[in-house]
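As structure tokens, the structure follows; a few thoughts come after it.
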Number of protein chains: 2
Amino acid sequence: MGSEKVTSVEVARHAGVSQSAVSRVFTPGASVSPKMADKVLKAAEELGYRPNVLARSLITGRSRIIGLVVAYLENQFYPDALEKLSNALQAHGYHILVFMVSNDDAGIDKVMGELLDYQVDGIITASVGMSNELASRCSNAGVPVVLFNRGQDDERLNQVTSNNFEGGRKIAEFLVAGGHKRIAHIAGWAGSSTGRDREAGFRAGLEAAGQELLACVDGMYRRETAAAAALDMFKGGDRPDAVFVGNDHMAFAVMDVLRFELKLDVPGDVSVVGYDDVPLSSWPAYDLTTLRQPSNRMVEATVSTLLGWIEEGSKDVQKIKIDGPLMIRGSARVPEGWPNERL
Amino acid sequence: MGSEKVTSVEVARHAGVSQSAVSRVFTPGASVSPKMADKVLKAAEELGYRPNVLARSLITGRSRIIGLVVAYLENQFYPDALEKLSNALQAHGYHILVFMVSNDDAGIDKVMGELLDYQVDGIITASVGMSNELASRCSNAGVPVVLFNRGQDDERLNQVTSNNFEGGRKIAEFLVAGGHKRIAHIAGWAGSSTGRDREAGFRAGLEAAGQELLACVDGMYRRETAAAAALDMFKGGDRPDAVFVGNDHMAFAVMDVLRFELKLDVPGDVSVVGYDDVPLSSWPAYDLTTLRQPSNRMVEATVSTLLGWIEEGSKDVQKIKIDGPLMIRGSARVPEGWPNERL
DNA sequence: TCTCAATTTGCATACGTATGCAGAACAATC
DNA sequence: GATTGTTCTGCATACGTATGCAAATTGAGA
């Protein structure tokens, strides 16, 4: 035991050929005779040789590494997306280098530097924004960036989101149609485009129906914050009869507070609607009505955008918005005759 | 725009010094005069230079990349561990390259090859086993491996788990003390050491109390399988009065079936105990009594073991088992006077 | 068998950095 | 100021691979 690394030079010697020949055998599309390929592959097999990706990338300028920046994995939507992204990229021969980051500028700056140090071929940020300066650095370094589930105005940044405005609007429509008169919102983080867009769409939808928000609080996309907001919002006698919560992760906290602390019935006393449709939402313990973010299609769009830039040299900045259906379940009163989009 | 990559050679020229000088300035512990450091850092700053990690690792033989092999992220325990592992390693200047893998030998073999191609400094497998041949390859390549939350007899593989046998035993003790007489088990995957050890400990605990398992089914660590098993196990009239489910992820499915399909009361009709203590377990919708796997300490042990091998050349194979407390909550009848370990 | 084109091979070099070695600069001591 | 010891610096080379170029081989056609 302990055979250590075996290099292309050793394989070459063992096979009685040049190092270049070995290299060519392992480079798809290079010019090699079948005889040579046989000889080399046999020698490689015997010595247990495999090309060193790092050395290769030094020459080719391609590391086949994609940097993924993610703030937290507590919200099930992100591990789910991570798994799908990783699988999709793996199928194309890429792998994901993970960078956890606290959602403030200092942390992101530091991490993004480390990212570029690894010569990543591309960057995906999940629910994380970027400073302009950072966007410039990536752009200068020729590293394409896709913001996943986060929008930003910068014209150099690709982005893939659900249609958050439209989603918010649909939910408003649904709640209004259900006869709710006192509608509140526990919003996603105001520092994020997703949070702002969902809220804006929601307000627009209410307005179109001649209603307006009874109350609105920033839940910061955090469980504790949302729970506190819910407690505060619903403890009084003049409580809302419906609430749209900015994502499912917070909606669970809100339902917990409503049902177990305030002993309210959902949806009897209050209708609750979330956003994301994470797996837990469909479990009967919550049975949450929610707007689905189609993570499969979002991942697909993210990967194809990224690979387009990396492998085909695309320069078209994509700002992709994907519509998702409202998943009607048991946490919100359903208007009579409302069509279930799941069908 | 498009300044492209800037190298140490350009910094050297710009500062009027040699390339080696630049390298030394960016190598901690190298011999450099303050004057030189100033000059170089200034030049580097002006050009926006950062060392190329890949080129560096070609020389040093250290990539500062840790490969993480993981089968699925659906069970919240794993994203949680991933986040903590990533943070801990980041603090030491390492990063995680993610490899998703289906839990069969073929997939693992393929992925492990890719892993070694990246010259990773170490490998962590989360809930994934390794063939002997694979273990040999890693060992030969000098790449240390830590199995996280999975045991295996191979004497070359480090491993960090909770004390699964003892955990299972504790749960048996708890259920027996609670006066349950018809105790069943929906086990973790029989192909995993964790599943087998928990079951063995559980059986041992029952036996010590003069009881034996009423029924036992393999839940494969999968939600659907566990749900089906629960339905089958509890639909008859002679159903168990308590069930230990091999992990929380399955326990939620079991509770869903018991409460929403079979209309049974938990813990009135049936006590349910899980294993892991994922965040969701403490939410009031489930309020699951469960044995905590102390992920913080498990991560800590994993990281220090790995870094011991990588940075200090340790050769001591560690087989670490960490005890966890039983988290007493509302899903299982509590024996009178039972001490709550949380205190 | 000889010629010419097409294919395959080897040589040399490049990628961006780290490091042993020897010489240069410097500080300290007498 | 000469001598010693110490700290810095530059030179050269190495890490493992890919690739342009020229030489070598192959095969076809006459």
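We use all heavy atoms of the structure for the numbers below, so side chains are in, but hydrogens, waters and symmetry mates are not.
For the residue pair B/S295 / B/D80, a side-chain donor-acceptor distance below 3.5 Å is found, with atom types taken as modelled. In this model, a donor atom of one side chain and an acceptor atom of the other lie less than 3.5 Å apart for B/E311 and B/Y94. Under 3.5 Å, the side chains of B/S136 and B/R156 contain a donor-acceptor pair of N or O atoms.
Closest of all the heavy-atom pairs between B/K39 and B/A15 is CD-O, 3.8 Å.
By the 4.5 Å heavy-atom criterion applied to side chains, A/S131 and A/M112 are not counted as neighbours. At least one side-chain heavy atom of A/N296 sits less than 4.5 Å from a side-chain heavy atom of A/K84.
B/W309 places a side-chain N or O within 3.5 Å of a backbone atom of B/D316 that can act as its donor or acceptor partner.
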Short heteroatom pairs, N/O only, protein and nucleotides 6-9 of chain D, under 3.5 Å:
| from | atom 1 | to | atom 2 | distance (Å) |
| --- | --- | --- | --- | --- |
| D/dC8 | OP2 | B/S31 | OG | 3.4 |
| D/dC8 | O3' | B/S33 | OG | 3.4 |
| D/dT9 | OP1 | B/S33 | OG | 2.7 |
| D/dT9 | OP2 | B/S33 | N | 3.1 |

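Within 4.0 Å (heavy atoms only), A/T7 reaches sugar-phosphate atoms of the nucleic acid but no base atom.
Nearest-nucleotide assignment on DNA chain C puts the 5′-proximal partner with A/A55, out of B/R56 and A/A55.
Nucleotides of DNA chain C that come within less than 4.0 Å of any heavy atom of chain B span, from the 5' end to the 3' end, C/dG16 to C/dG20.
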>> I'd like to know whether A/Y72 forms a ring pair (Phe, Tyr, Trp, His ring centres under 6.0 Å) with A/Y221, so could you lay out the CA-CA distance, the side-chain angles of the two residues, the decisive distance to 0.1 Å, and finally the verdict.
In response: CA-CA 11 Å; A/Y72 65 122; A/Y221 286 141; 7.8 Å; no

